[in-house]
Amino acid sequence: MTLSTSPIATRLEQGCAVITANNPPVNALGHAVRAGLMAALRSALADPAVSSVVITCAGRTFFAGADIREFGKPSQPPHLGKVLDLIEQADKPIVAAIHGTALGGGMELALACHARVIEATAKVGLPEVKLGLIPGAGGTQRTPRLIGLMAALDLVTSGRHVGAAEAKELGLVDHVVAADLEREAIDYARSLVGKPLRRTGELSIPACDQAAFDQAAMRIIGRARGQLSPRIAIEAVRSSATAPFRGGLMAERLLFQELVRSDQSRALRHAFFAEREVQRAPQLASATPRSLSRVGVIGAGTMGAGIAMALLDGGLMVTVVENDADAAARGRERIDGLMARALRSGRLSEAGRDERLKRLTVTDDFHQLQAMDLVIEAAFEDMAVKKEIFARLADVTPKGTVLATNTSYLDINEIARAAAGREADVIGLHFFSPANIMRLVEVVGPASADKDAVATGFALARRLGKLPVLCGVCEGFVGNRILAQWRQIAEFALEDGALPEEVDAALEAYGLAMGPFAVADLAGLDIAASRRRRLAGTRNPEARYSGAIPDKLVELGRLGQKTGAGFYRYENGARRSDPEVHAIIRSFWPHTGMSDTLFDGELLQRRIRAVMVNEGAKILAEGIVARPLDIDLVLIHGYGFPAWRGGPMFEADAIGLPQILADMEEVHARFGAGWEPAPLLKELARTNGRFADLGDGSSPS
Ligand code: 3H9
């Protein structure tokens with residue numbers, strides 16, 4: 001007997017051919033699936049014993065889309081569009097039975113069916129835009145015919161997942177089932193036999209208010225910044241109303257093919273796979289996470305409260321410890337506030353809040369931490385404070401309790417030494433603010449830490465649905481270390497003839513979510529100033545100092561948004577240019593001999609990119625992270641780096657390292673000591689290498 005290797009199987013039930021795909025893990029519509037579907041459909045449609053068809057999937061989900069791994073390779077027929085044509089034009093009713101997620105090409109397949117039956121917990125969506133694409137198998141043409149142009153525009157340009165109930169309300173699906181999806185889908189298909197078939201492509205598009213469409217399109221373009229795919233998606237959806245169905249399909253296909261080849265889509269596909277790869281840290285392959293159900297948090301300030309909320313969202317028992325009863329009460333209020341906000345935004349139900357509150361204790365009794373599996377210290381960023389806390393933790397908690405610090409800069413080796421006898425349990429868990437929203441967590445493993453302790457922190461971050469990036473100890477870890485470098489280049493630009501608005505605009509045009517001076521105002525200028533003071537003793541005396549202007553602002557009490565003024569001034573939350581700041585900056589220009597030079601935004605972008613990559617190369621060479629993709633994800637998820645550039649290391653490979661090296665040499669020539677090109681960058685540029693070639697997890701040095 002030979003075993004069938006086709007991922008498609010068909011069985012007949014009461015005249016209904018049930019075609020089931022089985023292509024783990026997510027039933028991607030790769031070549032074998034498309035070919036198998038085509039053959040199974042042809043045979044069912046030709047079989048007189050078959051009067052209706054159900055298409056369904058085995059495993060955890062309906063088709064999650066085209067197989068992204070096939071993009072960029074020569075495409076093999078049958079193309080998905082042809083399979084969907086066969087479905088739509090069939091003279092027997094074909095019903096999609098959806099569970100899990102019907103995404104991208106999977107959703108498009110369902111749209112081509114004559115009806116859609118969906119499990120109540122399932123979701124549908126057209127997320128192609130997040131991969132720098134648009135739907136390429138009729139999604140932009142069929143969706144408006146089912147739900148109208150405005151709703152289609154929202155789905156196609158946001159890529160958001162839509163739950164079954166909303167999908168039904170919109171008209172995307174026909175029937176929601178609570179149980180026994182397949183049975184109900186078969187019954188539904190049989191009920192359509194002999195009736196006129198509803199072919200989506202033949203429906204006319206409901207009338208739409210043109211002005212409202214244009215306004216929505218403008219908003220989408222504004223939000224997309226430099227990203228191409230949302231703009232193209234708007235045009236494709238618009239064309240569904242102006243071109244006949246077949247013409248619209250052809251136009252969509254051409255746009256899709258162009259986007260698949262684009263740098264932006266390549267970059268976003270890199271980010272997609274990197275997000276999955278980063279969760280498999282090669283350094284922890286042989287480590288075993290310890291069991292984890294009770295987690296303590298020290299400090300209930302903004303960071304501690306956000307971390308507590310994230311832990312509660314992750315289903316853990318949480319004990320938050322503050323210094324005294326008053327501080328504990330304020331901490332409790334802060335956490336309640338986060339819950340209230342989550343309720344208002346619809347992220348949390350009242351039942352969800354009540355259940356979380358049962359798992360939360362806020363106390364001033366430090367000894368309650370002795371019952372925890374892991375403790376996260378989120379106290380004030382001061383070495384003396386942290387050392388005292390870790391000495392107490394070493395006393396109070398039993399051996400094996402993982403002791404994590406949320407420091408963003410301080411030396412974790414020194415903090416670990418303060419937990420005398422417990423160095424093996426001390427790790428870093430650097431959350432980003434707001435900790436219950438931001439996905440990035442830098443998991444820091446000092447050399448003294450037990451691998452299992454590090455693996456426990458890593459597993460915790462995964463359990464919270466975060467993106468854990470494993471890194472070693474260094475000043476600022478990955479993200480803040482790179483930020484500290486490029487922020488100096490931005491500060492030099494001020495001394496050399498630019499205004500904060502110009503620098504911020506140039507970097508926002510590059511695609512950063514926010515310019516560095518708007519960010520500095522948000523974070524507080526005192527934070528960076530105290531870091532500059534802390535590092536003053538170790539600064540290279542030959543290196544040019546970049547902090548004179550921000551130091552001056554701090555001296556004037558301009559600490560950023562919290563004082564109503566920093567690099568900008570703030571009126572009712574709105575950011576405004578400030579002539580006072582301009583005057584201060586201008587007063588520096590005669591000293592640098594750069595007065596009123598014409599600001600060159602493109603040059604600044606090249607410098608900033610080169611400096612990021614140069615520091616990334618040092619981080620790789622030191623073995624602080626295992627792979628370039630770790631750096632890319634930190635920058636994308638923690639620092640607003642545009643995902644459509646793929647992260648600085650990916651972009652550097654795409655541009656070519658000789659160009660990046662040339663830009664870094666220009667930076668060195670301009671700013672002098674401290675800005676030398678990294679040996680690894682020089683080596684790779686010389687040998688025509690790429691950072692991606694280092695991605696095997698071993699230190700390249
Ligand atoms: C498209 O459809 C274009 C069409 O319009 C036109 C065509 C002509 N392909 O995320 P997970 C892998 S574009 C290949 O960890 P979860 C993933 O890499 C596509 N592989 O699971 C991982 O592999 P590994 C539009 C895929 O449960 C494994 O599956 N569709 C694909 O957290 C598990 O993934 C999308 O953009 C794929 N399409 O989430 C949907 N999808 O184990 C993309 C996943 O080796 N996918 N893999 O690391 C998702 O959003 C999530 O994977 C999903 C499951 C929600 C489905």
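Order of appearance sets the numbers: ligands from 1, and atoms from 1 within every ligand.
- The two atoms that bring A164 and A120 nearest to each other are CB-O, 3.5 Å, heavy atoms only.
- Applying the 4.0 Å criterion to heavy atoms of E108 picks out, from ligand 1, the atoms 4 (C), 5 (O), 6 (C).
- Distance check for atom 16 (P) of ligand 1: a protein heavy atom is found below 4.0 Å.
- Every atom of ligand 1 is numbered from 1 in the order shown, and the set under 4.0 Å from a heavy atom of P25 is 28 (C), 29 (O).
- We find the CG-CD1 distance between D452 and I427 to be 11.5 Å, quoted to the nearest 0.5 Å.
- Distance check for atom 53 (C) of ligand 1: every protein heavy atom is found at 4.0 Å or beyond.
- Interface atoms of ligand 1 facing P127, defined by a heavy-atom separation under 4.0 Å, are 30 (N), 35 (C), 36 (O).
- One option in E70, R253, R34, K123 has a heavy atom closer to atom 8 (C) of ligand 1 than any other, and that option is R253.
- Of the protein's non-hydrogen atoms, G136 N, 3.5 Å is the one closest to atom 6 (C) of ligand 1.
- At least one side-chain heavy atom of V278 sits less than 4.5 Å from a side-chain heavy atom of D630.
- Taking each of R69, H161, E252 in turn, the one with a heavy atom nearest to atom 20 (N) of ligand 1 proves to be R69.
- With ligand atoms numbered from 1 in the order given, ligand 1 contributes 2 (O), 25 (C) to contacts under 4.0 Å with heavy atoms of G104.
- Cation-pi geometry between R276 and F272 is satisfied (NZ or CZ under 6.0 Å from the ring centre, within 45° of the ring normal).
- In terms of heavy-atom proximity, D67 sits nearest to G30 at CB-CA, 3.7 Å.
- Scanning all protein heavy atoms for the shortest distance to atom 9 (N) of ligand 1 gives I68 N, 2.9 Å.
- Neither the backbone nor the side chain of T61 has any atom closer than 4.0 Å to an atom of ligand 1 (non-hydrogen atoms only).
- Nearest residue to atom 38 (N) of ligand 1 from A66, G106, G65, G81 is A66 (criterion: closest heavy atom).
- Between the side chains of E442 and H430, at least one donor-acceptor pair of N or O atoms lies under 3.5 Å.
- Ligand-side atoms of ligand 1 in range of E128: 1 (C), 2 (O), 3 (C), 4 (C), 5 (O), 13 (S), range being under 4.0 angstrom from any heavy atom.
- Under the 30°/60° scheme for interplanar angles, the aromatic rings of H270 and F650 are found to lie parallel.
- One N or O on the side chain of S240 and one on the backbone of V237 form a donor-acceptor pair closer than 3.5 Å.
- With ligand atoms numbered from 1 in the order given, ligand 1 contributes 24 (P), 42 (O), 45 (O), 48 (O) to contacts under 4.0 Å with heavy atoms of R280.
- At a heavy-atom distance under 4.0 Å, only side-chain atoms of R60, from C-beta outward, approach ligand 1.
- Heavy-atom minimum distance, A241 versus L149: CB-CD1, 3.8 Å.
- Ranking the protein heavy atoms by distance from atom 46 (N) of ligand 1 puts F272 CZ, 3.6 Å first.
- Among all non-hydrogen protein atoms, the one lying nearest atom 22 (C) of ligand 1 is R276 CD, 4.3 Å.
- Within ligand 1, counting atoms from 1 as listed, the ones closer than 4.0 Å to a heavy atom of P135 are 5 (O).
- Under a 3.5 Å cut-off, the side chain of R356 and the backbone N or O of M339 do not form any donor-acceptor pair.
- One N or O on the side chain of T61 and one on the backbone of T101 form a donor-acceptor pair closer than 3.5 Å.
- Each of R198, R142, R199 was compared with E88 under the salt bridge (Lys or Arg N to Asp or Glu O under 4.0 Å) criterion, and only R142 meets it.
- Relative to atom 36 (O) of ligand 1, the option among V26, L131, L103, D67 with the closest non-hydrogen atom is L131.
- Among all protein heavy atoms, the one lying closest to atom 56 (C) of ligand 1 is A64 CB, 3.5 Å.
- Atoms of ligand 1 lying under 4.0 Å from any heavy atom of F273, numbered from 1 in the order shown and given with element: 18 (O).
- Atom CG in N406 sits 7.5 Å away from atom CD1 in I376 (nearest 0.5 Å).
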